[in-house]
2 protein chains.
Amino acid sequence: MKSTIPDTGVPFAPPAGNGGDRQEASLHGEILLRLRDYVVEGNIPDGARVPERQLCEMLGISRTPLREALKVLAAEGLIELLPNRGARVRQLSQRDLEELFDVMAGLESLAGRLACEAITDAEIIAIEQLHYEMYGHYLHRDMHGYFQANQRIHESIVAAARNETLKAAYANFAGRIRRVRYSANFARKRQRWAEAMREHEAILDALRRRAGSELSDILFQHLRNKRTAAIEHLAEPQEDAPASP
Amino acid sequence: MKSTIPDTGVPFAPPAGNGGDRQEASLHGEILLRLRDYVVEGNIPDGARVPERQLCEMLGISRTPLREALKVLAAEGLIELLPNRGARVRQLSQRDLEELFDVMAGLESLAGRLACEAITDAEIIAIEQLHYEMYGHYLHRDMHGYFQANQRIHESIVAAARNETLKAAYANFAGRIRRVRYSANFARKRQRWAEAMREHEAILDALRRRAGSELSDILFQHLRNKRTAAIEHLAEPQEDAPASP
DNA sequence: GCCGACTATTTTGCATTCATTTTTTGTCCT
DNA sequence: AGGACAAAAAATGAATGCAAAATAGTCGGC
């Protein structure tokens, strides 16, 4: 039960300048991107065994670059590499999820604190825009739109922190959680929605005042509450699935 | 100037249960551990080019497992992999260091907050012991002893957070910074020493009261101050190197 | 009929080999 | 002599081959 990539945590890659594009020269790099998406999007069932050969012909490459990509994904924590027994999609226990949410809370909390030091008025206005947009989705019970706007707000805060290292770490953890979201059908309870909206107002308020320490607290609590909702949801799935208008 | 492991950050490996041992079955895993230490300890000069062949015969293996290990190290951010141009030790700019310190500050800040929820009296007492020990080293101007005790205190706080995911991430970032410490001879200024001691008192105080939010703030500031000291030190090296008694 | 041991097939881990690309060296021309 | 071009050498990226381990399948025993 020991992973090949053992006790050391892998933080993340260099800032690498480019934020969003995914051009990639080398084959194994290309494979890495594709495989990561493939796993994150939940195309492989939890804990499923995936023979290398099968992936090879699926991707049309030989085993060497594939294995290199697998090692990296294992270091990222998306899959497990059991010695002589192949790669498995990493199955997250409830405890793992709790830990992940807490780390995300810590990172966002940090992002908020740093953002207060550097954010511009224009950026705040942009976030306010997203906030109102999100509020609209909330009123219309549009879960998907709400969710997206919400994500963009949090990403904006991370971006405003002006810290590529943080951004990379954030993206990595977000990816791990996203996989769970894809697999389990993450609907949020209505009551939590209202709470979340109120919390977001407080976030904006603290951000406007550049109250770093305060914002840090609020963001942590906000994510903590998200965590609780998520865990409860996992315990008893699909309660109060929102009707799309 | 693009790394093969591109924009995505690699967070870190699974908890993997075992905290400290480094038994490793697979060859590439063994190689990974040895290479990581080798790099972290600064045996390779910054930005130096290291031909694979040379590493292979140094480690007595073929290129395949070596390259797998290199990919992982690149994902961890310790080295850079330039397409068709080999591996280079990642050179951290001053900005990179600032970012790293800030992320460390965020993680420790989080650790403190979580620790307040779960830490036992016994653990607090143990940390107090370390604190007094550190104070002794401080009085004796024993930088090395001071430094070690200090590190153990921070590790204890992270351990008390009861979050293996956080612990792994922390270890990864700590490794990146440690490399700089090995290379540049990190002496701390005396004035900063006194400040740091006071801050540590405040940390202990907040910890005893389980004041999570407060501790979070103090730890962040503490690390922020460390950051400032480190950056200043890099700018004008070895000022006030402490005489060992 | 079910459980356990033995064999065959598959799969992983690593070494070796091949094809490009890069870097170095050597030579020639200005 | 200095620089540019060209060829050789070396290094990287990927594919293939081979040995060891694991899985599955079968047979035999109880």
Exercise for the section: Consider only side-chain N and O atoms of A:Tyr170 and A:Glu155, and report whether a donor and an acceptor are under 3.5 Å apart. Expected result: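 No, no side-chain donor-acceptor pair sits under 3.5 Å.
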
Exercise for the section: Using only heavy-atom distances, determine whether the side chains of A:Ser93 and A:Asp96 contain a donor-acceptor pair under 3.5 Å. Expected result: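 Yes - a donor-acceptor pair under 3.5 Å links their side chains.
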
Exercise for the section: Go through residues 43-59 of chain B and report each residue with a non-hydrogen atom lying under 4.0 Å from DNA chain D, sorted by number. Expected result: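 By residue number: B:Arg49, B:Pro51, B:Glu52.
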
Practice task
When you get a sec, tell me which of C:dA15, D:dT12, C:dG13 is the closest nucleotide to the side chain of B:Asn84?
Solution key: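 In terms of side-chain proximity for B:Asn84, the closest of C:dA15, D:dT12, C:dG13 is D:dT12.
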
Handout entry: Proximity to the side chain of A:Pro65 - top-ranked nucleotide from D:dT23, D:dA14, C:dT23
Key =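 Looking only at side-chain atoms, A:Pro65 lies closest to D:dA14.
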
Practice task
May I ask you to test the B:Glu117-B:Arg162 pair for a side-chain heavy-atom distance under 4.5 Å?
Solution key: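 No - every pair of side-chain heavy atoms lies 4.5 Å or more apart.
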
Problem - Side-chain heavy atoms of A:Arg34 within contact of A:Asp37, under 4.5 Å - result: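 SC-SC contact between A:Arg34 and A:Asp37 ruled out.
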
Practice task
Please list, chain by chain and in numerical order, all residues satisfying side-chain hydrogen bond (donor to acceptor under 3.5 Å, both in side chains) with A:Arg88, sequence neighbours excluded.
Solution key: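 For A:Arg88 there are no side-chain hydrogen bond (donor to acceptor under 3.5 Å, both in side chains) partners, ignoring immediate neighbours.
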
Check whether any side-chain N or O of [X] sits under 4.0 Å from OP1 or OP2 of [N], and answer yes or no.
X       : N      : result
A:Arg67 : C:dG13 : yes
A:Ser62 : D:dA15 : yes
A:Arg85 : D:dT23 : yes
B:His28 : C:dG13 : no

Provide, to the nearest angstrom, the distance between the [atom1] atom belonging to [X] and the [atom2] atom belonging to [N].
X       : N      : atom1 : atom2 : result
B:Leu66 : C:dC14 : CG    : C1'   : 12 Å
A:Arg63 : C:dT11 : CZ    : C1'   : 7 Å
A:Leu81 : C:dG13 : CG    : P     : 7 Å
A:Ile79 : C:dT12 : CD1   : C1'   : 14 Å

Exercise for the section: For B:Glu99 and A:Glu164, indicate whether the former's side chain and the latter's backbone hold a donor-acceptor pair under 3.5 Å. Expected result: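 Yes, because the side chain of B:Glu99 sits within donor-acceptor range (under 3.5 Å) of the backbone of A:Glu164.
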
Practice task
By nearest nucleotide on DNA chain D, pick out whichever of B:Ala87 and A:Thr64 is the more 5' one.
Solution key: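 It is B:Ala87 whose nearest nucleotide is closer to the 5' end.
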
